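Let me begin by presenting the structure, written as structure tokens, before commenting on it.
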Amino acid sequence: MLSTQRWSEQGLALLQLLLVASFSKSEEQVCSLMGEPEEPQLFKTGDVILGGIFSFQSNWKTVELTYAHRPLPLQSFQYAQAMLFAIEEINNSSDLLPGITLGYMMYDTCGSIARSVRVALALTDVNEETASLSDNPCRGSVPAIIGEASSSPCMAISTVLGPFYIPLVSHFATCACLSNKVRYPSFLRTIPSDYYQSRALAQMVKHFGWTWVGAIRSSDDYGTNGMATFTDTATQLGICLEYSVSFFRTDPSEKIQRIINIIKGSTSRVIVTFLSYTDLEILIDEFAHHNLTGYQWVGTEAWISDSVTATTEGHYILDGSVGLAIPKAEVSGLREFMLDVKPLNSSGEKLFTQFWETAFHCSFKRTKETAGSQKECTGYEDLAGLENSFNDMSLMPIFNNVYKGVYAIAHSLHNILGCGQKCSNTASPDPFTNIKNIHFKTKEGEEVYFNENGDPAAKYDIINWQPKKDGSVEFVTIGLYDASDPFIKYVLHMQVPVSICSGTCDSGTRKVLQKGKPVCCYDCIPLIYHDNSITCVRCHPEFWSNERRDDCEKKETEFLSFTEIMGSILTLSSLIGACLTATVAFIFFRHRNTPIVKANNSELSFLLLFSLTLCFLCSLTFIGRPSDWSCMLRHTAFGITFVLCISCVLGKTLAVLMAFKATLPGSNLMKWFGPRRQRIVVLAFTFIQIGICIVWLTANPPYPFKNLRHFKDKIILECALGSPIGFWAVLGYIGLLALLCFILAFLARKLPDNFNEAKFITFSMLIFCAVWMTFIPAYVSSPGKFSVVVEIFAILASSFGLLFCIFFPKCYIILLKPEKNTKKNMMDKKS
């Protein structure tokens, strides 16, 4: 029956929509509303009339409520008061719309979507005489409308208002679907879209560690769309819903009982709601009768900061609730305006009289039936002393939304009418396009503007219900959310309950999903399998199946160590090379005054020997367990020492070439390439390599990592290059210097000298280039620790080549042929 009733209401709404296309048959096309005319509950004339659509009364009745808790829905009456306050403030302003008086027409929808459509059509109705003279005969009589508070009525109203280009500015409709400008081109709002609220709720649930939750939503567009967005975001964050049920205030008691049974049979301890406060109050009253306590409630702006909900009979069910609320706001003068209600001399006397009778439980005209239970109203009762939600002002942020909506329309009209010191009455007040572009500040300093979807900036307070000793509830702000910065900022930390389907599995166990349940629900079973097991689970990448295939064993870790044979041989070779270099340096130092040492630039020779010693020793950094410092040191030390070495050889080669060129008549080359400039050349080439290494280490340095790809049964510990560009830049620079040195030495190989050093440099560079050209393919193709062996071998081979080719011939003469170590022998030339 209830389903039929809801369908009939939707059918009536559709019938009202068809009235938009109904035109009177005349020579001029004129809009005309069929049926009895609607009378506004509140009305005031003015130069420009604003429309208002609110649900002052409701046509449904549920449990018996006492006047101590909710005597009547006072919120819509307060919304209307906020609109009246804003209009009166604008009319008294000399800065906004000077010379223009705003009036209003406010209608009651009685909580019905069909009636919402009808009153919207009433606001678009014009008389035939006026319409026939207009360029646009379907332009409405009001330039803009404030309302409604719910999403579903706003969708129906916006569909009606679309052809009339009348903006509908809502203060409390949050459904993300209303941001669709194709379907609802004239809809705007001063409250953020649920697009942001749903995602913020999911982030908040994830922050508190609740991965197993239940959900209850209203059976309307607000609840359905909001919960759908929350579910999508929650799934992405690894949150699972145990159940998701819907409810509407007209649902039978059997539906409520089914919801209660679902909650009692669930294991989750957190309930996420997308409910209107009217739906929630009915549920909470029933939950209280069944003592459904011990649950953590998560709420939306619809009820989380509603003081009336916090004073209902079963509000203790919601103690500890957390949720998102519109940020606190204050409109100076609004509270005093709302409390200054005079029922006997107000416009819309009937509505104010009804409010007064209900608020004070009295009657202006008592009947025989009410004479015993109700006192007579005087009209001078004190509203300030009234203890109900009307003077609570906890919904001031929503009242502020109404206030901002009226001011947005006023600013749009101000721009359209070309207002300076006075506005033009000849312009047509059409704020449809202009209102989307307004940007102003309220008297409290709050910025007001709309994005391309007609939505304001999304900001929320995170509220926690904290019960006090007297049984009342305090709304405590524990965090803030700003859509421009999607990370929630928590200003307070608190203990939270646990709501998970399955805990973390211990080491040595694996997850097995429970059949028919979400991924958050699983069993933890040991990794050891029995003979009859029919399931196989892949071991962790660092583990390997044992021979029996019934357990996972940790893989062997492999790296080039000092203790293994290959590591020992390379270490010994490195130390021998360093010792030989030191011995040659000692021999040169002992015979530093002999011609053969002097003739070959002794300063560069000693620097070359020093760099060769470092080259031999730097290979030791490649051996041992990789660490952060060793990975960075091995490549940079190798690159810098080799460049220093090649720079010295290049300096010696240039010195030989310059020496023979200087013997030509009129040559002055040695003056420009003396020892000082040779040192500058060496340092310059070396500092370039140091710069490359600094950039490499700063941008993306080498680091140790576990190579699990090459071998299935072992883990290779090695150094990742970090930036391959940095590594190949270091090698490329060394190769460039070596190639340049080889070319110069090759050109100088036939210079007439008894001891031609250029010839030995040519051989050494030939060996050097051959080694490193062979190194590249060998390094790339070598797996695991063998790539390190290849690199060490290349370092040692090229170092020994330089040492043997350049210095051993000299040591041979110094030690075994001292008779040739004379200046005369050095100066004699051969053809």
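Residue numbers start at 1 and run along the sequence shown. These figures come from a predicted structure and were not determined experimentally.
In Arg590, the CZ atom is not crowded: 12 or fewer heavy atoms of neighbouring residues, nucleotides or ligands sit closer than 6.0 Å. For Phe793, the CZ atom sits in a loose shell: 12 or fewer heavy atoms of surrounding residues, nucleotides or ligands are nearer than 6.0 Å. The 12-atom threshold is not exceeded at CZ of Phe589, counting heavy atoms of other residues, nucleotides or ligands nearer than 6.0 Å. Within a 6.0 Å sphere centred on CD1 of Ile725, heavy atoms belonging to other residues, nucleotides or ligands number 12 at most. For Phe786, the CZ atom is loosely surrounded, since the number of other residues' heavy atoms within 6.0 Å does not exceed 12. Atom CZ of Phe610 has 12 or fewer heavy atoms from other residues, nucleotides or ligands within 6.0 Å. Counting non-hydrogen atoms of neighbouring residues, nucleotides and ligands closer than 6.0 angstrom, the CZ atom of Phe705 exceeds 12 such neighbours. Counted within 6.0 Å of CG on Leu816, heavy atoms from surrounding residues, nucleotides or ligands total more than 12; the atom is thus considered enclosed.
For the pair Glu242 and Val213, the minimum side-chain heavy-atom distance is 4.5 Å or more. Proximity of Ser499 to Phe208: side-chain heavy atoms (C-beta onward) are nowhere separated by under 4.5 Å. Contact annotation: the side chain of Glu558 never approaches that of Ile715 to less than 4.5 Å [non-hydrogen atoms, C-beta and beyond]. Taking 4.5 Å as the limit, every side-chain heavy atom of Leu721 sits out of range of all side-chain heavy atoms of Pro702. Counting heavy atoms from C-beta on, the side chains of Ile795 and Phe642 come closer than 4.5 Å. Within the 4.5 Å cutoff, side-chain heavy atoms of Leu617 are placed close to those of Thr613. When side chains are defined from C-beta on, Leu480 does not count as touching Ile462, because their heavy atoms never get closer than 4.5 Å. With contacts defined as side-chain heavy-atom distances shorter than 4.5 Å, the pair Val205/Trp210 qualifies.
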Item to check | Full working for side chain to side chain donor-acceptor pair (under 3.5 Å) between Ser574 and Ser619 | outcome: CA-CA 7 Å; Ser574 175; Ser619 63; 3.0 Å; yes

Next on the checklist: Apply side chain to side chain contact (heavy atoms under 4.5 Å, CB included) to residues Lys206 and Ile239 and explain how you reach the verdict.
Outcome noted: CA-CA 7 Å; Lys206 180 67 174 179; Ile239 301 168; 4.0 Å; yes

Next on the checklist: With side chain to side chain contact (heavy atoms under 4.5 Å, CB included) as the criterion, how do Gln689 and Ile734 come out once you've worked through the C-alpha distance, each side chain's angles and the decisive distance to 0.1 Å?
Outcome noted: CA-CA 8 Å; Gln689 183 75 310; Ile734 294 174; 3.6 Å; yes

Checklist entry - How far apart are the C-alpha atoms of Ile792 and Leu560, what are their side-chain angles, what is the distance that settles it, and do they pass the side chain to side chain contact (heavy atoms under 4.5 Å, CB included) test? => result CA-CA 11 Å; Ile792 295 174; Leu560 185 62; 3.7 Å; yes

Item to check | Residue pair Ser630, Ser627: steps toward the side chain to side chain donor-acceptor pair (under 3.5 Å) verdict | outcome: CA-CA 5 Å; Ser630 67; Ser627 62; 3.1 Å; yes

Next on the checklist: Val584 vs Phe807, test: side chain to side chain contact (heavy atoms under 4.5 Å, CB included). Steps then yes/no.
Outcome noted: CA-CA 7 Å; Val584 172; Phe807 290 101; 3.8 Å; yes

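Taken together, Cys719 and Cys631 meet the criterion of an SG-SG distance shorter than 2.5 Å. In this model, Cys521 has its SG atom within less than 2.5 Å of the SG atom of Cys501. The SG atoms of Cys615 and Cys645 do not sit under 2.5 Å apart. Disulfide criterion (SG-SG under 2.5 Å) for Cys505 and Cys524: met.
Between Phe586 and His591, the distance separating the two ring centers is not shorter than 6.0 angstrom. Here the two rings, on Tyr733 and Phe685, have centers that are 6.0 Å apart or farther. Aromatic rings of Phe616 and Phe800 (six-membered ring for Trp) have centroids within the 6.0 Å cut-off, being under it.
In this pair, Tyr481 and Tyr460 present their aromatic rings tilted. The plane angle is within the 30 to 60° band. Between Trp696 and His635, the ring planes lie tilted relative to each other; the angle falls in the 30° to 60° range.
Heavy-atom minimum distance, Val730 versus Cys693: CG2-SG, 4.1 Å. The two atoms that bring Pro809 and Phe804 nearest to each other are CD-O, 3.3 Å, heavy atoms only.
For Glu564 (side chain) and Ser561 (main-chain N/O), a donor-acceptor pair under 3.5 Å exists by modelled atom type.
Summarising the geometry, atom SG belonging to Cys648 is positioned 3.5 Å from atom CG belonging to Leu607; distances are rounded to the nearest 0.5 Å.
Between Glu556 and Lys714 no salt bridge is recorded (no basic side-chain N to carboxylate O distance below 4.0 Å).
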